[in-house]
Trainee: 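This structure is in structure tokens; I'll ask about it shortly.
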Amino acid sequence: MRVMLRTLVLVVLLAPALVPLQACAEQASAQREAAAAGATQPPGTAIASAHALATDAGLEIIAAGGNAFDAAVAVSATLSVVEPISSGLGGGGFFLLHDARSGRDVFVDARETAPAAATPEVYLDAEGNLDRDRSVNGPWSAGIPGLPAALVHVAEKYGRLPLKQSLAPAIRIARDGFPVYGRMARGYAARREVMERYPGTRAVFLADGDTVEEGELFRQPDLARTLERLAGHGFDGFYRGETARLLLDGVRAEGGRWTAEELAGYRVREREPLRFEYDGWQIVTAPPPSSGGVALAQMLQVLAPWDLAKLPEAERVHLTVEAMRRAYRDRTFYLGDPDFVDVPVGILADPAYAAGLRASINPDRATPSDIFSGRPTPLEDEETTHFSIIDADGNRVAATQTVNLLFGSGLVAPGTGFLLNNEMDDFALKAGTPNAFGVMGFDANAPEPGKRMLSSMTPTFISSPDRVAVLGTPGGSRIITMVLLGILGYADGLSAQQVAALPRFHHQWMPDAVSIEKNALAPETVAALRAMGHTVDVPGEEVAGGRRSSDSWGNLQTVSWDRRANTLEGGTDPRNPVGKVGIRPAR
Ligand code: GLY
């Protein structure tokens with residue numbers, strides 16, 4: 001820790017004035033965009049999301065005269081209905097918007113906030129250890145939801161259509177039902193014990209007296225009514241009145257403590273996105289309380305001097321892993337909610353700092369991460385969802401939303417129809433103790449009343465004079481490295497679908513191991529990495545501590561616009577069979 005602080009102090013002394021640098025970068029980006037030789041407007045709308053019904057809802061709203069922001073409200077709300085496993089009204093999210101009219105990028109932060117009663121002591125057992133059941137299950141695991149406020153904010157400030165109209169597809173699908181798909185049925189089976197603890201959850205998921213089965217029609221009448229109250233009354237239709245009352249009663253009945261003031265006081269924050277350049281591409285991405293943008297800036301700027309595509313696979317993966325390792329180490333110590341802690345973004349995202357990190361990489365050997373002894377817990381199931389939109393006016397939306405782990409806290413407040421998140425586990429509830437994703441944190445990410453927990457969600461835009469792309473994915477702490485690999489894929493000229501399908505590898509500093517998807521790397525590459533000193537977790541192989549890498553991860557959804565050919569394309573992750581790219585030509 002002392003060594004890192006010294007490095008930071010040195011960089012502060014050496015770094016040129018950072019704020020003017022950022023302003024110049026923004027100006028240069030605007031000029032480059034304006035100077036692009038290709039088309040100035042896309043030929044239609046492209047939407048990629050993790051569920052066909054959500055993509056179709058977005059296209060329906062575009063056909064009704066809406067813009068990308070109205071479509072985003074429709075897609076987001078529909079995902080909340082058809083993917084309760086991943087996100088919902090009881091959760092939060094980040095919406096990165098590009099408003100073509102003003103040329104402005106804005107980051108709408110709808111992350112959940114900590115209730116005042118959720119002090120660190122609440123999460124410790126009698127021995128002072130982290131009580132994992134409390135941190136991921138039931139009322140204490142839930143933060144105050146942010147997603148409904150984002151839907152209202154995006155519709156009212158950026159949309160063309162009334163909220164009522166944009167929410168109509170989600171209300172219809174909640175009322176009439178949709179067929180349960182394999183991932184949802186498997187997720188339910190995995191979380192069944194927790195889901196069946198709570199009467200409100202049983203009323204939704206066991207409404208027919210039976211467990212959730214693939215292929216059955218899943219109707220959510222309470223959720224339809226909750227959405228109708230939101231559609232009819234906006235912010236007050238969720239954070240005050242009937243829905244708020246049901247939420248407060250439901251949380252209290254299970255032993256939690258939320259107040260009416262905390263609900264009514266929830267606000268989204270509009271933040272400046274983080275920007276930087278990589279290999280001729282402008283990257284616009286998530287600022288804190290996401291750790292994603294800072295880590296991306298660090299990793300890409302560390303990697304910038306190497307022509308990665310031309311390197312042998314083992315060398316390319318080694319260098320990329322070393323960049324990942326360093327960025328995730330800094331995530332552990334410095335990242336948190338910028339409304340509560342000073343996050344040194346200007347330093348961490350500065351090219352001079354990246355140069356220092358690069359200089360510490362040995363091209364032939366893995367750098368050990370073992371500042372701390374022992375291995376954090378395994379990566380567990382990961383959920384969350386992402387969608388990407390470009391419309392015919394050139395507006396863009398990259399949105400990642402979540403209830404955290406599978407089905408969030410497992411708790412539905414009776415009558416509301418939606419699951420509450422278990423996002424409190426994304427705080428460093430006990431300093432230095434890993435959370436469900438195996439990532440740790442310290443003071444910067446300690447819980448405080450009203451504070452937003454650190455996230456890895458990384459909705460991102462990238463643009464060059466030739467091409468614009470929107471991308472993001474779920475995947476817990478692995479989100480950031482998936483977005484990194486996606487950006488590198490676009491920079492290598494891959495199509496949107498190829499980017500969504502890219503094989504994945506990941507390193508997060510601790511545990512000090514490279515996890516890879518099944519068959520993501522050639523056996524010779526794995527052998528070469530091991531010879532350099534890397535621990536590589538190969539799916540199917542037993543590893544020390546009984547830990548195994550999962551076979552595959554992520555659910556990346558991306559759209560891209562080729563300005564020279566003036567064509568739109570999308571990529572939906574082949575790991576998820578129910579995702580869909582929809583393209584609607586402009587009239
Ligand atoms: N809940 C996952 C994340 O926000 O990183």
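All heavy atoms count here, side chains included; hydrogens, waters and symmetry mates do not. Atoms within a ligand are numbered from 1 in the order they appear, just like the ligands themselves.
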Trainee: Would you confirm whether the ring centroid of Phe238 sits within less than 6.0 angstrom of the ring centroid of Phe418?
Mentor: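 Yes, the ring of Phe418 comes within the 6.0 Å limit of the ring of Phe238, centre to centre.
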Trainee: Is there a side-chain contact between Met424 and Tyr123 (heavy atoms, below 4.5 Å)?
Mentor: yes
Trainee: Which of the numbered atoms in ligand 1 are below 4.0 angstrom from a heavy atom of Asn404?
Mentor: 1 (N), 2 (C)
Trainee: So, Phe94 versus His386, ring centres under 6.0 angstrom or not?
Mentor: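 Phe94 vs His386: aromatic centres not under 6.0 Å.
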Trainee: So which heavy atom in the protein is nearest atom 1 (N) of ligand 1, and how far is it from that ligand atom?
Mentor: Glu423 OE2, 2.5 Å
Trainee: Got a sec: does the CG of Asp443 have more than 12 other heavy atoms crowding it under 6.0 Å?
Mentor: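 Result for CG/Asp443: open.
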Trainee: Tell me which protein heavy atom sits closest to atom 4 (O) of ligand 1, plus the residue, atom name and distance to 0.1 Å.
Mentor: Ser455 OG, 2.6 Å
Trainee: Does a donor on one side chain and an acceptor on the other come within less than 3.5 Å for Asn404 and Glu383?
Mentor: no
Trainee: So which protein heavy atom does atom 2 (C) of ligand 1 come closest to, and at what separation?
Mentor: Asp426 OD2, 3.2 Å
Trainee: Would Arg111 count as a contact residue for ligand 1, given that I'm defining contact as a non-hydrogen atom of the residue lying under 4.0 Å from a ligand atom?
Mentor: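 Heavy atoms of Arg111 do come under 4.0 Å of ligand 1.
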Trainee: For atom 5 (O) of ligand 1, state which one of Gly475, Pro289, Ser456 supplies the nearest heavy atom.
Mentor: Ser456
